[in-house]
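Because the structure is a prediction, the values reported are computed rather than measured.
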Amino acid sequence: MALADEHRFGASAPLTLGVEEELLLVGEDLELVAAAEEAIARLEPAQREHVSTELFATQIELKTGVCADADEAAAELETARRALRAAGATLLGAGLHPTHTGTSELVDKPRYQVVQKDLAGLIDTPPSGLHVHVGMPDPETAIAVANALRYHLPLLAALCANSPFRAGEDSGMASARAAVVRAYPRFEMPPEFDSYAEFLRVADQLVLAAGVDDYTYLWWDVRPHPRLGTVEVRAMDVQPGVAANAAVAALVQALAAKEIEVPSPGGLAREALEESYFQAGRHGLEARILVADGTAVPARELGRRVLDEAAPYAVGGADSLAELERVLAAGNGAEEQRRLRRELGLEGLLRTLVERTAARADSAGA
């Protein structure tokens with residue numbers, strides 16, 4: 001892998017932030033449309049820096065640069081969304097498109113050809129996630145933070161669950177996206193690593209076993225990202241509103257900051273963390289989540305506790321987490337989607353998701 005010497009940990013200030021939103025593209029009928037490359041081609045050259053294709057041609061990725069805090073990230077994401085809307089794209093923010101059936105066209109690029117060959121018939125509907133990068137000062141700190149953030153993945157999944165419907169039916173899951181990607185290889189919670197050297201050893205073996213080029217094909221829920229000098233958290237459904245996505249990023253950043261200053265106790269088996277992650281994807285904020293002392297805590301109770309603990313470490317101040325307080329009180333995206341389906345039907349649900357994805361960052365909800 002040759003990353004021991006090539007890593008970029010410490011290349012930027014510690015705790016800098018990067019955010020990636022995977023959003024769906026829909027047409028006038030609100031169904032998926034394979035228009036990612038066309039939409040990007042209509043952007044001005046400078047605007048393309050923050051927009052890229054993903055595996056599916058019906059999906060587009062918006063990504064920030066290196067940001068100091070969540071407010072800066074939100075502004076960059078809103079600018080990218082506005083540029084895409086001006087270029088004629090209609091965006092929908094959800095972990096899965098609620099009514100899509102069948103397969104979806106892929107982008108014809110070498111990297112995606114490798115993924116298509118690897119996943120074969122597992123690829124059908126585009127799963128849309130939210131990825132958060134936090135800058136790390138050195139490799140060993142990155143490993144310690146990645147290990148600790150695994151304990152928060154179930155809560156993050158519960159807060160962000162936003163894909164209850166698949167193929168027009170209620171999947172029974174709060175996050176059907178999580179169930180979809182769990183069928184893919186190397187989409188899992190990683191083990192706890194003793195050191196950066198152990199991470200490199202495990203990653204090298206997995207790369208060889210999978211027959212892929214490098215560690216970026218290891219799609220763990222949280223992973224050190226040596227080339228960017230970050231720890232990346234990947235376990236969440238994307239939200240329609242920029243404000244909600246930015247608040248999740250602020251929480252991840254704060255939890256990383258807290259871990260650097262006051263390391264948390266470990267002790268839970270990876271298998272137990274995986275089960276809590278499944279429970280969060282199944283039940284959302286109604287899940288019970290195992291915590292470090294070995295007790296299972298209701299997700300809402302745990303959410304309030306974690307937000308209180310994270311607030312002093314929030315780089316943008318406690319107000320940057322306010323949107324998540326609203327989610328705990330009013331419900332996550334899965335609860336809201338089910339309510340909209342009952343009240344407005346599937347077409348009304350789709351239209352509302354599009355409207356909320358198009359709303360301004362300061363007025364968009366979860």
Check: Applying the salt bridge (Lys or Arg N to Asp or Glu O under 4.0 Å) test to E188, which of R234, R270, R150, R223 qualifies?
Finding: R270

Item checked: Ionic contact status for R201 with E198, cut-off 4.0 Å -> yes

Note to self: Tell me whether L353 shares a hydrophobic cluster with V33, the cluster being built from Ile, Leu, Val, Met, Phe, Trp, Tyr side chains joined at under 4.5 Å.
What the structure shows: no

Checklist line | Interatomic spacing from OG1 in T99 to CG in L96 - rounded to 0.5 Å | finding: 11.0 Å

Check: Does E301 pair with R305 as a salt bridge, N-O distance under 4.0 Å?
Finding: yes

Notebook entry, point to check: Going by an N to O cut-off under 4.0 Å, is there a salt bridge joining R182 and E274?
Noted result: yes

Notebook entry, point to check: Considering residues, nucleotides and ligands other than E49, do more than 12 of their heavy atoms fall under 6.0 Å from its CD?
Noted result: no

Check: Can you name the closest pair of heavy atoms from L17 and A249 and give their distance?
Finding: CD1-O, 3.8 Å

Check: Is I260 reachable from V66 through a run of hydrophobic residues whose side-chain heavy atoms are each under 4.5 Å from the next?
Finding: no

Checklist line | Within 6.0 angstrom of R351 CZ, more than 12 heavy atoms from elsewhere | finding: no

Checklist line | Derivation and outcome, side-chain contact (heavy atoms from CB on, under 4.5 Å), residues C160 and V248 | finding: CA-CA 8 Å; C160 295; V248 174; 3.5 Å; yes

Check: Does a side-chain N-to-carboxylate-O contact under 4.0 Å join E61 and R48?
Finding: no

Item checked: Cluster check L153, V134: I/L/V/M/F/W/Y, side chain < 4.5 angstrom -> yes

Note to self: Can you confirm whether Y217 sits close enough to V207 that some side-chain heavy atom of one is under 4.5 Å from a side-chain heavy atom of the other?
What the structure shows: no

Next item on the list: Would you mind reporting whether E259 and S264 have side-chain heavy atoms less than 4.5 Å apart?
Entry: yes

Check: Can we say E78 and R85 salt-bridge, meaning some charged N sits less than 4.0 Å from an Asp/Glu carboxylate O?
Finding: yes

Notebook entry, point to check: Does some side-chain heavy atom of L62 sit less than 4.5 Å from a side-chain heavy atom of L77?
Noted result: yes

Note to self: Between the side chains of D170 and R341, is the shortest nitrogen-to-carboxylate-oxygen separation below 4.0 Å, so that they form an ion pair?
What the structure shows: no

Next item on the list: Ignoring hydrogens and angles, tell me if any N or O in the side chain of D221 forms a donor-acceptor pair with the backbone of M189 under 3.5 Å.
Entry: yes

Check: Does the pair E335 and R300 meet the rule for a salt bridge (charged side-chain N to carboxylate O under 4.0 Å, His left out), with working shown?
Finding: CA-CA 13 Å; E335 295 173 61; R300 279 188 166 86; 3.1 Å; yes

Next item on the list: Mind running side-chain hydrogen bond (donor to acceptor under 3.5 Å, both in side chains) on D237 and S175 for me, showing each step along the way?
Entry: CA-CA 7 Å; D237 285 0; S175 174; 2.9 Å; yes

Checklist line | Carboxylate-amine/guanidinium contact R81 E21, below 4.0 Å | finding: yes

Next item on the list: Supply the members, apart from M173, of the Ile/Leu/Val/Met/Phe/Trp/Tyr cluster built from side-chain contacts under 4.5 Å; use none for a lone residue.
Entry: F278

Next item on the list: Would you mind reporting whether V291 and L302 have side-chain heavy atoms less than 4.5 Å apart?
Entry: yes

Note to self: Ring centroids only, cut at 6.0 angstrom: are F193 and W220 within range, meaning strictly under it?
What the structure shows: yes

Next item on the list: Identify the residue among H7, H131, H133 that makes a ring-ring contact (aromatic ring centres under 6.0 Å, His included) with H225.
Entry: H133

Note to self: I want to check something: taking the side chain as every heavy atom from C-beta on, are V327 and L159 in contact at a cut-off of under 4.5 Å?
What the structure shows: yes

Checklist line | Side chain proximity check, F9 to E140, heavy atoms < 4.5 angstrom | finding: no

Check: Does L321 share a hydrophobic cluster with V132, counting links as ILVMFWY side-chain heavy atoms below 4.5 Å and allowing steps through other members?
Finding: yes

Next item on the list: Applying side-chain hydrogen bond (donor to acceptor under 3.5 Å, both in side chains) between S128 and each of Q59, R177, Q239, report the one that passes.
Entry: Q59

Next item on the list: Using atom types as modelled and distance alone, determine if a side-chain donor or acceptor of H97 lies under 3.5 Å from a backbone N or O of H100.
Entry: yes

Notebook entry, point to check: Does a side-chain heavy-atom distance below 4.5 Å link L55 with V107?
Noted result: no

Notebook entry, point to check: What closest approach, in Å, do P154 and A280 show between heavy atoms, and which atom pair accounts for it?
Noted result: O-CB, 3.1 Å

Next item on the list: Check for a donor-acceptor pair, side chain of S171 on one end and backbone N or O of P164 on the other, with a separation under 3.5 Å.
Entry: yes

Checklist line | Side chain proximity check, R356 to E336, heavy atoms < 4.5 angstrom | finding: yes

Checklist line | Closest approach of I40 to S52 (non-hydrogen atoms, all atoms of both residues) | finding: CD1-C, 3.6 Å

Margin query: Tell me the closest heavy-atom pair linking A247 and E323, and the distance in Å.
Written below: CB-CB, 3.7 Å

Notebook entry, point to check: What distance do T216 atom OG1 and L228 atom CG have between them, rounded to the nearest 0.5 Å?
Noted result: 10.0 Å

Next item on the list: For residues L149 and V222, report the shortest heavy-atom separation together with the two atoms involved.
Entry: CB-CG2, 4.3 Å

Note to self: Any carboxylate oxygen within less than 4.0 angstrom of a Lys/Arg side-chain nitrogen, looking at R42 and E38?
What the structure shows: yes

Checklist line | Salt-bridge contact R339-E343 (side-chain N to carboxylate O under 4.0 Å) | finding: yes

Margin query: Between T79 and A75 (side chain of the first, backbone of the second, donor and acceptor by atom type, cut-off under 3.5 Å), is there such a pair?
Written below: yes

Note to self: Looking at Q253 and A68, would you say the former's side chain and the latter's main chain have a donor-acceptor pair under 3.5 Å?
What the structure shows: yes

Check: Is it the case that more than 12 heavy atoms not belonging to R8 sit under 6.0 Å from its CZ atom?
Finding: no

Item checked: Rounded distance [0.5 Å steps], CD1 in I289 versus OG1 in T295 -> 11.5 Å

Item checked: Nearest atoms (heavy-atom pairs only) where N245 meets V238 -> ND2-CG2, 3.8 Å

Checklist line | Inter-residue atom distance L15.CG - T230.OG1, 0.5 Å rounding | finding: 12.0 Å

Checklist line | Q337 and N162 side chains, donor-acceptor separation under 3.5 Å | finding: yes

Notebook entry, point to check: In terms of hydrophobic clusters joined by side-chain contacts under 4.5 Å, are Y313 and L251 together?
Noted result: no

